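Because the structure is predicted, anything quoted here is derived from the model rather than measured. We use all heavy atoms of the structure for the numbers below, so side chains are in, but hydrogens, waters and symmetry mates are not. Throughout, protein chains are lettered first and strands after them, A, B, ... in sequence-line order, and every chain is numbered starting at 1.
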Number of protein chains: 2
Amino acid sequence: MAKSQAYHHGDLRRALLDAALKLITEQGVDKFTLRETARAAGVSHNAPYRHFPSRSHLLGELAVEGHGMLREQLLKAIEASDGTPLEKLLAIGVGYAEFAMQRPAMFRVMFSSEAARDESAALQMERGKTFGMLELELAHCVTAGVLSCESTSDAALAGWAAMHGISFLFIDGGMQDRPLTGGRSTKQIARMVLETLVFGLRQNGTTISAQPETTKPLRKAKK
Amino acid sequence: MAKSQAYHHGDLRRALLDAALKLITEQGVDKFTLRETARAAGVSHNAPYRHFPSRSHLLGELAVEGHGMLREQLLKAIEASDGTPLEKLLAIGVGYAEFAMQRPAMFRVMFSSEAARDESAALQMERGKTFGMLELELAHCVTAGVLSCESTSDAALAGWAAMHGISFLFIDGGMQDRPLTGGRSTKQIARMVLETLVFGLRQNGTTISAQPETTKPLRKAKK
DNA sequence: AGGCTATGTTGCTGATGTCAACATTAGTGC
DNA sequence: GCACTAATGTTGACATCAGCAACATAGCCT
């Protein structure tokens with residue numbers, strides 16, 4: 001198994017992805033360079049081109065793998081919960097934010113525009129899978145009678161947005177310091193946001209006027 | 001006033017920022033390059049260094065200006081609302097997402113890690129100002145009795161996260177196609193998310209168990 | 001054995017961020 | 001008016017990067 005420093009590497013593709021992940025994790029996305037990655041894998045600066053057509057393709061593949069890692073972690077979080085539908089749902093949300101905090105560079109890659117350039121279809125699919133997990137668990141909550149909503153899809157989207165947003169706010173350094181967190185952990189903040197979503201902000205009796213015409217009041221001839 | 005093609009530019013600093021903004025807006029952040037920016041401003045490739053110590057500093061300044069633009073737009077959105085506290089609040093949220101959609105590249109710069117590298121204090125301040133607007137308007141809702149929450153700060157954070165998240169999901173192409181949107185506009189989606197937050201998902205009677213001990217159950221000697 | 005193809009390598013080009021040295025201009029005190 | 005100085009731009013250079021082309025090696029198939 002001693003990878004005899006042969007001309008052929010064995011599994012350079014895998015090695016490159018690993019090296020790239022390591023570089024990105026340890027030194028940020030900026031440090032990711034095809035050449036640096038090749039160096040880390042112990043091959044010449046052009047070897048990566050035998051496995052990835054371009055830098056963004058490699059990044060894209062990495063992003064796809066990241067989504068896989070995320071889902072694995074979410075599944076573990078679900079298992080670690082107390083098993084009630086609502087706690088499972090919250091575990092997904094909190095797990096999402098925790099993943100972002102634990103692997104900020106990877107998380108950023110997963111949603112970077114460069115990674116999306118050449119792997120947008122695959123990434124779309126990956127995001128869809130994750131969203132599916134979320135929506136399913138939310139539907140279970142509705143079935144179990146603990147939550148209610150008009151559209152599980154919309155509700156799941158709202159939840160996703162909330163966790164996606166808090167994740168980025170965290171890793172962008174928007175707030176790992178005191179002002180808003182009050183000493184609470186990421187996990188606690190994420191959970192607080194989710195609970196706010198679940199309980200809502202409405203004072204008894206509050207209603208919202210029918211979607212007002214804020215854009216263009218020139219709806220005359222139309223229809 | 002005819003800017004006589006003099007050796008000195010007059011206000012190169014401003015011109016560089018404008019050129020950079022234009023490049024980024026029109027051709028994406030990737031296209032932003034000190035040299036390209038200098039070219040667009042009609043100066044040599046090293047002139048920018050007389051005004052910005054590095055590429056990331058320029059980007060950072062641009063990000064700061066972006067936050068200013070965002071707040072201006074939010075103020076306009078508030079004015080354009082029907083004036084009730086709740087509609088003002090919703091206008092802020094929806095306006096945030098709309099800004100992100102209208103200026104995706106700028107929005108990305110505003111939260112990019114590179115811009116944060118050298119201007120993190122200034123950016124922190126900018127984000128704080130925006131958050132302040134949100135929290136104040138939310139407090140007005142509470143005062144007016146249309147919303148209720150334990151902590152306006154937490155509630156505002158939840159709202160910010162939701163809108164920040166939906167904004168990034170939109171501009172990252174996570175969903176400008178049909179599946180989730182169902183043909184609705186950005187504005188409608190953003191509003192739906194906000195309304196979900198306001199109304200909550202709770203079925204009457206749902207409670208959440210006291211924050212479970214998911215992290216470390218080793219809380220013995222402590223107090 | 002002979003040849004084909006996948007995989008790696010060396011060398012190149014055009015572009016970039018940044019440094020150093022030089023050039024020009026705008027104010028300043030006289 | 002006029003020299004001096006700091007501010008502002010310019011030219012030239014270096015190391016690095018992504019990507020292209022041409023070449024080298026090794027595994028595999030017949």
- Item | Atom-pair distance (CG on A:Leu59; C1' on D:dA18), nearest Å | 13 Å

- Pairwise ring pair (Phe, Tyr, Trp, His ring centres under 6.0 Å) hits with a residue in residues 100-136 of chain B, at least two apart: B:His67-B:Phe111, B:Tyr96-B:Phe107, B:Phe107-B:Phe111, B:Phe107-B:His164, B:Phe107-B:Phe168, B:Phe111-B:His164, B:Phe131-B:Trp160

- Task: Examine the side chains of B:Glu98 and B:Gln73 and answer whether a donor and an acceptor come within less than 3.5 Å of each other.
- Result: no

- Message: Can you tell whether the side chains of A:Arg127 and B:Asp172 come within less than 4.0 Å, N to carboxylate O?
- Response: no

- Message: So, OP1 or OP2 of C:dG8: does either fall under 4.0 Å of a side-chain N or O from A:His51?
- Response: yes

- Message: Looking only at side-chain N and O atoms, does B:Ser56 offer a donor or acceptor that is under 3.5 Å from a partner on B:Ser54?
- Response: yes

Output a table of nitrogen or oxygen pairs between the protein and nucleotides 16-18 of chain C separated by less than 3.5 Å.
from: C:dT16; atom 1: OP2; to: B:Arg39; atom 2: NH2; distance (Å): 2.8
from: C:dG17; atom 1: OP1; to: B:Leu34; atom 2: N; distance (Å): 3.0
from: C:dG17; atom 1: OP1; to: B:Arg55; atom 2: NH1; distance (Å): 3.4
from: C:dG17; atom 1: OP2; to: B:Leu34; atom 2: N; distance (Å): 3.2
from: C:dG17; atom 1: OP2; to: B:Arg35; atom 2: N; distance (Å): 3.2
from: C:dG17; atom 1: N7; to: B:Arg35; atom 2: NH1; distance (Å): 2.4
from: C:dG17; atom 1: O6; to: B:Arg35; atom 2: NH1; distance (Å): 3.2
from: C:dT18; atom 1: OP2; to: B:Tyr49; atom 2: OH; distance (Å): 2.9
from: C:dT18; atom 1: OP2; to: B:Arg55; atom 2: N; distance (Å): 3.0
from: C:dT18; atom 1: O5'; to: B:Tyr49; atom 2: OH; distance (Å): 3.2
from: C:dT18; atom 1: O4; to: B:Arg35; atom 2: NH1; distance (Å): 3.1

- Note on the structure: A:Arg50 CZ to D:dA22 P, in whole Å, measures 12 Å

- Message: In whole Å, I'd like the distance from the CZ atom of B:Phe52 to the P atom of D:dT8.
- Response: 12 Å

- Inspect the surroundings of CE in A:Met69 and state if more than 12 heavy atoms from other residues, nucleotides or ligands are less than 6.0 Å away. yes

- Message: Output the rounded distance in Å from CZ (B:Arg13) to P (D:dA7).
- Response: 15 Å

- With sequence neighbours excluded, give me every ring pair (Phe, Tyr, Trp, His ring centres under 6.0 Å) pair touching residues 23-61 of chain A. none

